[in-house]
There are 2 protein chains.
Amino acid sequence: MPARPKRATVHDVAEAAGVSSQTVSRVLNERGYVSEDARRRVVEAVERLGYAPNVLGRSLRSTRSPMVGLAVSDIGNPFYARLHRAIEKPLRDAGLSVLLLNCDDDPELEAAQLDLLASYRPAGLVLSPATGTRFSARQVGTFENVVLVSRTIAGLDVPTVVTNETEAFGQAAEELFAAGHRRVAAVLGPEGVSTTRLREAGFRQAVSAGREPVVRYTEGTSAAGRAAMRELLDTGGVTAVLGFNVPVTEGILVAVREAGLHVPEDVSVVGFTDAGWMSAVYPAVTAVSQPVEEMGRLAGELIVAMTRGGRPRETPHLVVPGALVRRESVGPPREGTR
Amino acid sequence: MPARPKRATVHDVAEAAGVSSQTVSRVLNERGYVSEDARRRVVEAVERLGYAPNVLGRSLRSTRSPMVGLAVSDIGNPFYARLHRAIEKPLRDAGLSVLLLNCDDDPELEAAQLDLLASYRPAGLVLSPATGTRFSARQVGTFENVVLVSRTIAGLDVPTVVTNETEAFGQAAEELFAAGHRRVAAVLGPEGVSTTRLREAGFRQAVSAGREPVVRYTEGTSAAGRAAMRELLDTGGVTAVLGFNVPVTEGILVAVREAGLHVPEDVSVVGFTDAGWMSAVYPAVTAVSQPVEEMGRLAGELIVAMTRGGRPRETPHLVVPGALVRRESVGPPREGTR
DNA sequence: CTGAAAGCGCTTACAG
DNA sequence: CTGAAAGCGCTTACAG
């Protein structure tokens, strides 16, 4: 195989243009004064040599890397896939790259992935922390600019972007209780995660006399949602269920199917976080829609602002509203189970 | 805000351990001879100073970066989300990082994203090219180690990992024709993409006397699938449909619902690429399951092997088998439409 | 087994 | 407006 041709450097461009490498740098970075003549010759040489800057050299010297980490628990969860897309855009427009880190909601893997990210000396980190995360005040310093999205960490003074979890989940619960269900289950995520805690609070606020809340904690996956729902159908005596996220809601529906039951005739279901397929099927699934694109955009813009040094006096804690989208998966309980 | 404390470097470690920076480097990279005593002192100093290597410096000097690009058309498409997870694992185990590039199936954006990637001088590129990609033999050289996944580019001599598209899609078509449908539509992806071409070939191979194929090309999104299906329901006179991918299949189901029709009583549907929700709903969706995890693993292993210089004599073209998963979305055509 | 020197590609800080 | 010098953090290539 032929040796790969060596790539052009600033020095090659400088030589071809008859200027110094600093002048090339000035032209490329549009900083400092450069005569029109020199600029023209540099631009022409760049073109001719097919020169493309090496970020490694640039970042090393300037001690400013254009990399921003995005650490999430599962890119297969459409919430995080949408978040990635939404964050990437404003960062790209600001000249920043996103390094996606999949952490499987595992604190060990998260720590390893963040170590990896740290080795790139990134400009920032957007984090949706894993259950039992070890991310702490100490690490905030390592990453300089940190924004938490969706999930938060108690006692950490960093900007956050979240949905009005408690209120929105409470509204979903009320939808089921108000339909006449007495025993309603919330199939939540892992205990100790902020989203589980806040959604559970909303669920409990919807409880009043004669209403019986049932709570199950899960890993937040489809398989876990399915297992929890199977158990609830066997022994829980519930007639309505709230799903923590898209995978859990999917798992709940799988279990209902496998039991030979139907939504909403046998069980009513409300999901948290909307997904395209929920309006593609019979019955269409009632769900709380989160403004994920807005969350991503806000997080991206916060990071951009922070990398530009615009650290505000007050740490921003942005809250975006979820909205219940009523479809067909909620009905009255069967006669006799009421 | 307090100035960020300067991070420790090899020199700091060297000084603390009473050795030279090269010896530190030798210990960290486990290459060359180091006395047990020196090693111990270095390890201890690393620990004490909380030293973590700077990839930028390392990559710049060694001209070997641990970064591998993964360029896909849409991380929101579960196929690519699964692919990312599957590729990331073997690469991480080999000490490589994945930079995910979302290209929106847009050749302009793809070019821009690949330019960005090139600035990191990556060790490799795993690419699922955009429609109308401008990726060419010239660029293969830029990225040194390239593997194409799922979608291929004619005339490019690089390793590929694909499903047996033609055969698997043909089997899905046969499933519908064999159920008694005469006019069957394939809602495909963009014209000119290898997957569209190969799946269409499979579709046409399933056609015989009395069977009428209808083909629609789309952008491959949920919205495009919905629009195509709406048109087919209005004027196409088809009783069965094949969906190109998960988003298109979702869009098809949305259009069926919006028309007040039911699957499979009014229209039979088979999807290409399986998704969790397809077995969570009534009717469960019959689909061709692709071994995405295996594809990702194979692509990752190819990249790892290539970065280690193990370039095989023959360019590998790996083909993995799709499998039709029969569920409930296929039935006989309505009487009278047959 | 170890270190002094050099250099990866770039930009900063300085001097003109 | 421009360039010579230095250095970001690391590893290579060499000499001992």
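Values reported hereafter were calculated over all heavy atoms of this structure, with side chains retained and with hydrogens, waters and symmetry mates removed. What you see is a predicted model; the values in this text were computed from it and never measured. Here is the naming used below: chain letters follow the sequence lines, and residue numbers restart at 1 for every chain.
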**Q** Please identify each residue that fulfils side-chain contact (heavy atoms from CB on, under 4.5 Å) with A:Ala38, with sequence neighbours left out.
**A**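 Listed in chain order: A:Val19, A:Thr23, A:Val34, A:Ser35.
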**Q** Between which residue ranges does DNA chain C form stems of three or more consecutive Watson-Crick or G-U wobble pairs, both distances under 3.5 Å?
**A**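 Listed by first number, the stems are C:1-3 with D:14-16, C:5-12 with D:5-12, C:14-16 with D:1-3.
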**Q** Are there any protein N/O atoms within less than 3.5 Å of an N/O atom in nucleotides 6-8 of chain D, and if so, which ones and at what distance?
**A**
residue : atom : partner : partner atom : Å
D:dG7   : N2   : A:Arg61 : NE           : 2.7
D:dG7   : N3   : A:Arg61 : NE           : 3.2
D:dC8   : O2   : A:Arg61 : N            : 3.0

**Q** Rounded to the Å, how far apart are B:Arg31 CZ and D:dA13 P?
**A**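 From B:Arg31 CZ to D:dA13 P: 10 Å.
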**Q** Provide, to the nearest angstrom, the distance between the CG atom belonging to B:Leu28 and the C1' atom belonging to D:dC10.
**A**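 Rounded to whole Å, this separation is 10 Å.
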**Q** With a cut-off of 6.0 Å (strictly less than), are more than 12 heavy atoms of other residues, nucleotides or ligands near CD of B:Glu15?
**A**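 Open.
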**Q** Does any N or O in the side chain of A:Ser194 come within less than 3.5 Å of the main-chain N or O of A:Thr152, such that one atom is a donor and the other an acceptor?
**A**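 Side chain of A:Ser194 to backbone of A:Thr152: a pair is present.
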**Q** Quick one: does A:Leu109's side chain get under 4.5 Å of A:Gln113's, heavy atoms only?
**A**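 Yes. Closest side-chain heavy atoms under 4.5 Å.
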**Q** If only side-chain N and O atoms of A:Thr23 are considered, is one of them under 4.0 Å from the OP1 or OP2 phosphate oxygen of D:dG3?
**A**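 Result: yes.
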**Q** Would you mind reading off the distance between B:Arg7 atom CZ and D:dC10 atom C1', rounded to a whole angstrom?
**A**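 Spelled out: CZ on B:Arg7 to C1' on D:dC10 is 14 Å.
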**Q** With the threshold set at under 4.0 Å for non-hydrogen atoms, list the residues of residues 35-46 of chain B touching DNA chain C in residue-number order.
**A**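 B:Ser35, B:Ala38, in order of number.
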**Q** Could you tell me whether the side chain of B:Ser150 and the main chain of B:Val162 form a donor-acceptor pair under 3.5 Å?
**A**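 Pair absent, no side-chain N/O of B:Ser150 close to backbone of B:Val162.
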**Q** Would you mind reading off the distance between A:Tyr120 atom OH and D:dC10 atom P, rounded to a whole angstrom?
**A**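 That distance rounds to 14 Å.
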**Q** Take atom CD in A:Glu219; do more than 12 heavy atoms of anything else shown fall under 6.0 Å from it?
**A**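 Counting other residues, nucleotides and ligands, CD of A:Glu219 stays at 12 neighbours or fewer.
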**Q** Do we see a donor-acceptor contact under 3.5 Å between the side chains of B:Asn145 and B:Thr307?
**A**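 No, because no side-chain N or O of B:Asn145 sits under 3.5 Å from a partner of the opposite role on B:Thr307.
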**Q** Is B:Leu100 close to A:His84 at the side-chain level, that is, under 4.5 Å between some pair of heavy atoms?
**A**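 Result yes, sub-4.5 Å side-chain heavy-atom pair found.
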**Q** Does any non-hydrogen side-chain atom of B:Tyr120 lie less than 4.5 Å from one of A:Met67?
**A**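 Yes, side chains in contact.
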**Q** Rounded to the Å, how far apart are B:Glu15 CD and C:dG3 C1'?
**A**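 After rounding, the gap between these two atoms is 15 Å.
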**Q** Distance check needed: D:dG9 P versus B:Asn29 CG, whole Å only.
**A**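 It is 17 Å, rounded to the nearest whole Å.
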**Q** Check the surroundings of atom CZ in A:Arg64: do more than 12 heavy atoms from other residues, nucleotides or ligands lie under 6.0 Å from it?
**A**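 Counting neighbours around CZ of A:Arg64, 12 or fewer heavy atoms of other residues, nucleotides or ligands fall under 6.0 Å, so no.
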**Q** Tell me, please, which residues at least two apart from A:Glu108 pass side-chain hydrogen bond (donor to acceptor under 3.5 Å, both in side chains).
**A**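 In terms of side-chain hydrogen bond (donor to acceptor under 3.5 Å, both in side chains), with neighbours along the sequence ignored, A:Glu108 is linked to no residue.
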**Q** Just by distance, no angles: are the side chains of A:Asp157 and A:Thr315 close enough, under 3.5 Å, to form a donor-acceptor pair?
**A**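 The answer is yes; a qualifying pair exists.
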**Q** What is the distance, rounded to the nearest whole Å, between atom CG of B:Leu56 and atom P of D:dC10?
**A**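 Going from B:Leu56 (CG) to D:dC10 (P), I get 10 Å.
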**Q** Distances for protein N/O vs nucleotides 14-16 of chain C N/O pairs under 3.5 angstrom?
**A**
none

**Q** If we ignore hydrogens and angles and just use 3.5 Å, is the side chain of A:Asn102 paired with the main-chain N or O of A:Ile75 as donor and acceptor?
**A**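 Yes, because the side chain of A:Asn102 sits within donor-acceptor range (under 3.5 Å) of the backbone of A:Ile75.
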**Q** Less than 4.0 angstrom between a side-chain N/O of A:Tyr51 and OP1 or OP2 of C:dC10, yes or no?
**A**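 Checking C:dC10 against A:Tyr51, a side-chain N or O does come within under 4.0 Å of OP1 or OP2.
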**Q** Without swapping roles, check the side chain of A:Ser25 against the backbone of A:Ser21 for a donor-acceptor pair under 3.5 Å.
**A**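 Checked: no pair found.
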**Q** When the distance from CZ of B:Arg121 to C1' of C:dC10 is rounded to whole Å, what number comes out?
**A**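 Value for this atom pair: 11 Å.
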